[in-house]
Amino acid sequence: MTARTQWLIVAGIVALVGGGLALGSRSFGESVPAVEAGAKAPEFSAVPVANVADSRPRGIGAYKGQVVLLNIWATWCDPCRAEMPSMQRLQNELGPKGLRIVAVSVDQPGMEQAIKDFTKEFGLTFDVLYDATQKIQLTYVTSGVPETFVIGRDGVIRKRVSGGTDWSAENQKALIRQLLAEPAS
């Protein structure tokens, strides 16, 4: 086999693989809905671990008509640990005015006690759920933890934040207050 023949074979393989990747990414891109501001918040299923009256699995539908701060987190995540106190401060201030904070842990299966201990350590009073399957990360197309979605009463995502943030900061509270002021649909 000549060098020219080898290069033609290599070029053919590269073209074939490149075409397959282009076609695959195009098909994949069309099948994954954007989960960004302006999109409807997708349904998920997670089991209550703390601060929820019943133990039945719930998802975003359980909070229909409410302003929700949906936080996807894990006990091992340092930025998650750093932002939880600010979420509790936000809960203390705006929870009584109607804000629902829902923190969904995506820890590995069997971590219920660690999640309960985490909740107790930080004195969290908002809803803490657990998705041991970690499907919520696929559903919300997250890039890691923490990832947070601010959802209006209409079920539409108004803000998406990747990484930890100070939820008790005035700019964050201003958005939540604005959403709480909107009429229920």
Side-chain angles (χ1 to χ4, degrees), residues 24-48 51-52 57-107 122 124-131 133-185:
S25 67
R26 184 176 184 170
S27 298
F28 181 73
E30 291 173 358
S31 67
V32 177
V35 184
E36 298 292 339
K40 190 84 168 158
E43 190 55 67
F44 64 88
S45 180
V47 178
N51 309 322
V52 180
R58 58 180 46 209
I60 199 65
Y63 303 95
K64 185 177 179 175
Q66 300 176 23
V67 175
V68 177
L69 186 141
L70 174 64
N71 179 261
I72 301 170
W73 67 286
T75 57
W76 50 263
C77 164
D78 287 336
C80 301
R81 296 179 73 80
E83 81 174 347
M84 283 292 176
S86 72
M87 289 172 56
Q88 184 58 49
R89 288 190 298 274
L90 183 64
Q91 170 67 27
N92 293 344
E93 183 175 341
L94 297 179
K97 296 178 179 168
L99 172 65
R100 296 299 302 265
I101 296 179
V102 181
V104 181
S105 168
V106 291
D107 280 285
F122 285 90
L124 305 179
T125 60
F126 47 81
D127 293 2
V128 177
L129 310 179
Y130 180 34
D131 178 9
T133 68
Q134 302 171 349
K135 287 182 182 175
I136 192 170
Q137 290 182 293
L138 294 173
T139 302
Y140 277 78
V141 194
T142 63
S143 59
V145 289
E147 196 129 357
T148 307
F149 301 83
V150 178
I151 303 165
R153 295 181 193 280
D154 57 0
V156 172
I157 297 168
R158 303 302 179 86
K159 184 174 187 175
R160 177 180 182 154
V161 177
S162 296
T165 194
D166 179 0
W167 288 103
S168 60
E170 194 51 45
N171 65 324
Q172 305 291 10
K173 293 191 294 187
L175 172 62
I176 304 285
R177 282 191 201 103
Q178 176 186 347
L179 294 174
L180 289 169
E182 292 178 358
S185 41

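All values below come from the heavy atoms of this structure, side chains included, with hydrogens, waters and symmetry mates left out.
Under the 4.5 Å side-chain criterion, counting only non-hydrogen atoms from C-beta, Trp76 is not in contact with Asp78. In this structure, Thr165 and Thr148 have side chains that are not in contact, with every pair of non-hydrogen atoms separated by 4.5 Å or more. Annotation: side chain of Gln172 is not in contact with side chain of Leu90 (no heavy-atom distance under 4.5 Å). Between Ile60 and Phe44, some side-chain heavy-atom pair lies under the 4.5 Å cut-off. Looking at Arg100 and Leu70, their side chains never come closer than 4.5 Å, going by heavy atoms from C-beta outward. Arg177 has its side chain within reach of Glu170: a pair of non-hydrogen atoms, C-beta onward, lies under 4.5 Å apart. Leu99 is not listed as a side-chain neighbour of Glu93, based on a closest heavy-atom distance of 4.5 Å or more. By the 4.5 Å heavy-atom criterion applied to side chains, Met84 and Asn71 are counted as neighbours.
Taking CD1 of Ile151 as the start and CD of Gln66 as the end, the distance is 11.5 Å to the nearest 0.5 Å. Rounding to the nearest 0.5 Å gives a distance of 4.0 Å between CZ of Phe126 and CE of Met87. Note: Thr125 OG1 to Ile101 CD1 = 8.0 Å, rounded to the nearest 0.5 Å. Considering CD1 of Ile72 and OG1 of Thr142, their distance stands at 5.5 Å, rounded to 0.5 Å. Here the straight-line distance linking atom CG of Asp107 with atom OH of Tyr130 works out to 6.0 Å at 0.5 Å rounding. The CG atom of Asp127 sits 12.0 Å away from atom CG of Leu69, with the distance rounded to the nearest 0.5 Å.
For the side-chain contact (heavy atoms from CB on, under 4.5 Å) with Arg153, the qualifying choice from Val68, Leu179, Val67 is Val67, the only one to do so.
For the pair Ala74 and Ser105, the tightest heavy-atom approach, listed with the atom from each and the gap, is CA-OG, 4.5 Å. Nearest heavy atoms, Thr75 versus Arg81: O-NH1, 3.6 Å.
At distances below 3.5 Å, not a single donor-acceptor pair connects side-chain atoms of Ser86 with backbone N or O atoms of Asp166. Listed for the Gln134 side chain is a donor-acceptor partner under 3.5 Å among the backbone atoms of Val106. The closest donor-acceptor contact from the side chain of Glu43 to the backbone of Gly61 lies under 3.5 Å. At distances below 3.5 Å, not a single donor-acceptor pair connects side-chain atoms of Glu83 with backbone N or O atoms of Trp167. Of the possible polar contacts, none joining the Lys135 side chain to the Ala46 backbone as a donor-acceptor pair under 3.5 Å is found.
Partners of Arg89 under the side chain to side chain donor-acceptor pair (under 3.5 Å) rule, at least two apart in sequence or in another chain, are Ser168. Partners of Thr133 by side chain to side chain donor-acceptor pair (under 3.5 Å), not counting sequence neighbours, listed by chain and number: Asp131.
Under 3.5 Å, the side chains of Tyr140 and Arg160 contain no donor-acceptor pair of N or O atoms.
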